[in-house]
Amino acid sequence: MSTDSLPDRAEFVVVANRLPVDRAEGDGEWRRSPGGLVTALEPVMKRADGAWVGWAGKPDLELEPFDFEGTHLVPITLTADDVELYYEGFSNDTIWPLYHDVIAAPRYRRVWWEAYVSVNQRFAEAAAAVVAEGGTVWVQDYQLQLVPKMVRELRPDVTIGYFHHIPFPAYGLYSQLPWRRQVLEGLLGADVIGFQRVADAGNFARAVRRQLRYDTKASGITVPVPGGGTRTALAKAFPISIDAESYAEIARRPEVQARAREIREGLGNPRKILLGVDRLDYTKGIRHRMKAFGELLEDGRLDVSDVTLVQVASPSRERVEAYAQLRDEIELTVGRINGTFDSVGHTAIRYLHHGYPREEMVALFLAADVMLVTALRDGMNLVAKEYLAARLDNRGVLVLSEFAGAADELGSALLINPHDIGGLKDTIMRAIEMPGAEQGRRMRSLRRRVFEHDVDAWSRSFLAALDQARTRAEATA
Ligand code: GDG
């Protein structure tokens with residue numbers, strides 16, 4: 001393919017389902033989205049003459065490429081049908097539940113798959129058209145698993161990375177997928193395939209061995225090249241993180257600290273505040289957390305005048321049936337627990353079905369004595385790390401599910417199995433009663449990890465692996 005005739009070539013191209021911008025409701029201006037990935041890649045994009053290929057978030061919106069704060073944005077149009085079949089269907093009702101260990105039943109529909117293939121092709125073509133000769137394409141996440149192979153077919157000269165933000169399931173579950181070979185081949189189009197946990201990379205390598213019969217050695221997978229020969233794809237863990245310093249900076253602001261005090265007062269100054277912050281998603285174990293808390297009230301081990309659970313459940317994927325059902329169940333549970341245990345002056349669960357600005361999130365982190373992360377399965381869980389980054393006083397306790405990727409790094413948290421309600425109850429009590437000195441010891445070690453391994457370190461290590469892959473490929477070319 002000739003690369004001379006096309007304008008606006010970029011050395012470094014990110015391909016993600018969403019563009020890193022949102023259009024404001026009122027003035028229609030583009031604003032940077034608050035997400036962690038956007039923050040993570042900002043310096044890289046600026047340094048490297050970057051472009052970003054993605055969807056603007058609204059169906060049937062046809063937009064020309066435009067520049068935004070130093071990044072060239074290439075919008076992909078998705079029709080209302082594409083959104084329903086590729087995004088809500090295959091991505092969020094097939095892959096999401098399957099990859100989270102079938103917590104909800106995945107639905108396998110051939111029309112969804114067909115839409116997934118054709119939308120992936122559209123993203124790949126846009127990326128192939130914008131990347132410079134010998135440049136780099138970095139594909140993000142499960143909505144775009146076929147893009148690496150498609151880009152390689154169109155542009156064999158570029159180096160391709162892929163990062164998988166969610167878990168990769170054990171082979172026994174993965175093998176349910178009717179299109180299991182095509183997805184593996186799609187991912188293997190990348191030179192480097194990044195996962196959150198060592199176990200995810202291991203599950204992927206096993207699926208490749210079982211389904212495709214390719215050899216794997218350490219992190220390397222030997223992939224045949226069309227027309228003869230082989231190349232090596234690297235499949236390895238690169239645990240993602242947060243911009244820890246930016247959370248600490250917000251936590252230092254006097255107005256945020258004042259807001260944290262106000263939150264406590266608004267709850268009637270309970271002795272202890274427990275906090276959960278999640279997208280309203282069935283993977284996050286919100287019901288398990290509420291069951292454990294409700295039973296502690298019922299047993300008389302906790303009292304509403306003493307302890308309140310604040311649960312932020314930000315609205316998510318509301319058009320997918322399983323999410324609408326989950327919301328109903330959670331709201332029924334909150335209503336029952338509050339109806340039974342509230343007093344006029346105190347509430348058991350303060351349930352908030354809203355999204356909040358980051359400053360308000362940090363004020364909540366500062367107000368919370370115990371952070372509850374009880375995910376049944378979670379790629380990483382950034383909220384856990386954000387709580388730690390905000391705790392300037394080295395106090396507070398993180399209760400963390402072993403089934404969240406963060407557990408691999410955060411061994412000084414109180415680790416729990418959310419399915420074991422008895423164990424979860426005891427651990428919540430232990431967190432509530434934990435002496436200040438022990439909180440300090442644990443918190444200092446947890447914070448050290450989050451600040452040393454922040455999102456900048458994550459993107460640097462991934463990109464260094466990609467650079468090595470490029471050098472290897474050049475040496476063997
Ligand atoms: C996927 C994987 C992996 C949430 N509500 C509000 C809000 N948030 C922010 C949090 C955090 C982010 O959204 C959520 O990240 P998580 O990691 O907790 O979970 P997922 O959304 O499921 O993310 C996950 C992640 O990708 C990254 O690879 O860790 O495992 O599932 O940053 O703070 N932020 C604001 N208001 C809200 O109401 N401002």
Side-chain angles (χ1 to χ4, degrees), residues 14 16-18 20 22 31-41 91-92 95-101 103-104 138-144 162-169 194-197 199-200 237-244 246-247 250-251 256 275-286 310-317 320 323 326 351-365 368 371-390 398 400-410 450 453-455 458-459 462:
V14 169
N17 177 59
R18 284 295 312 272
D22 295 306
R31 310 242 159 85
R32 179 171 293 272
S33 344
L37 185 66
V38 182
T39 322
L41 297 182
S91 299
N92 289 335
I95 293 293
W96 181 270
L98 177 64
Y99 284 25
H100 287 88
D101 288 359
I103 296 167
W138 191 6
V139 183
Q140 304 292 327
D141 223 0
Y142 66 100
Q143 302 92 348
L144 301 174
Y162 170 88
F163 188 75
H164 194 74
H165 292 255
I166 68 174
F168 196 91
F195 294 93
Q196 302 278 25
R197 308 180 90 157
D200 297 319
F238 295 88
I240 201 169
S241 193
I242 57 164
D243 180 4
S246 79
Y247 281 85
I250 298 173
V256 173
L275 175 66
V277 173
D278 312 81
R279 275 188 311 98
L280 209 169
D281 195 296
Y282 51 77
T283 60
K284 303 290 182 184
I286 302 170
V310 178
Q311 176 65 55
V312 176
S314 41
S316 181
R317 306 178 190 169
V320 178
Y323 287 76
L326 174 75
Y351 166 77
L352 305 155
H353 185 247
H354 304 294
Y356 288 99
R358 191 180 278 191
E359 290 70 19
E360 182 73 358
M361 296 298 225
V362 173
L364 282 163
F365 292 150
M371 182 79 207
L372 296 175
V373 176
T374 58
L376 306 176
R377 202 28 110 191
D378 211 336
M380 176 55 63
N381 196 287
L382 297 181
V383 171
K385 293 186 172 181
E386 290 162 4
Y387 175 68
L388 300 172
L398 173 63
L400 175 62
S401 167
E402 314 164 7
F403 299 103
D408 284 357
E409 294 170 76
L410 304 178
V450 172
H453 188 87
D454 66 0
V455 73
W458 168 77
S459 65
F462 189 94

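Counting starts at 1 for both ligands and their atoms, in listed order.
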N or O contact, [X] vs ligand 1, cut-off under 3.5 Å:
X: Phe163; value: no
X: His100; value: no
X: Gly379; value: yes
X: Leu382; value: yes
X: Tyr247; value: no
X: Trp96; value: no

(message) Judged on heavy-atom distance to atom 39 (N) of ligand 1, which of Tyr99, Tyr356, Tyr387 sits nearest?
(response)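 Looking at heavy atoms only, the winner is Tyr356.
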(message) Judged on heavy-atom distance to atom 4 (C) of ligand 1, which of Ser314, Ala313, Pro357 sits nearest?
(response) Ser314
Is a side-chain donor-acceptor pair under 3.5 Å present for [Y] with [X]?
X: Tyr162; Y: His164; result: yes
X: Gln143; Y: Asn92; result: no
X: Tyr99; Y: Arg377; result: no

(message) Looking at ligand 1, is there an atom of it that comes within less than 4.0 Å of some heavy atom belonging to Gln196?
(response) yes
Short list, please: which atoms of ligand 1 are under 4.0 Å from a heavy atom of [X]?
X: Glu386; result: 10 (C), 11 (C), 32 (O), 33 (O)
X: Val383; result: 10 (C), 18 (O)
X: Arg358; result: 39 (N)
X: His165; result: 2 (C), 3 (C), 26 (O), 27 (C), 28 (O), 30 (O)
X: Asp378; result: 24 (C), 30 (O), 31 (O)

Side chain, backbone, both or neither: [X] near ligand 1, heavy atoms under 4.0 Å:
X: Arg279; answer: side chain
X: Ile240; answer: side chain
X: Lys284; answer: side chain

Can you label the angle between the [X] ring and the [Y] ring as parallel, tilted or perpendicular, going by 30° and 60°?
X: His354; Y: Tyr356; answer: perpendicular
X: Tyr323; Y: Tyr282; answer: tilted
X: Phe365; Y: Tyr247; answer: tilted
X: His100; Y: Trp96; answer: tilted

Do side-chain atoms of [X] reach the backbone of [Y] as a donor and acceptor pair under 3.5 angstrom?
X: Asn381; Y: Val383; result: yes
X: Ser316; Y: Asp281; result: no
X: Ser33; Y: Pro20; result: yes

(request) Check ring-ring contact (aromatic ring centres under 6.0 Å, His included) between Phe403 and all other residues, then give those that pass, not counting sequence neighbours. (result)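 In terms of ring-ring contact (aromatic ring centres under 6.0 Å, His included), with neighbours along the sequence ignored, Phe403 is linked to His419.
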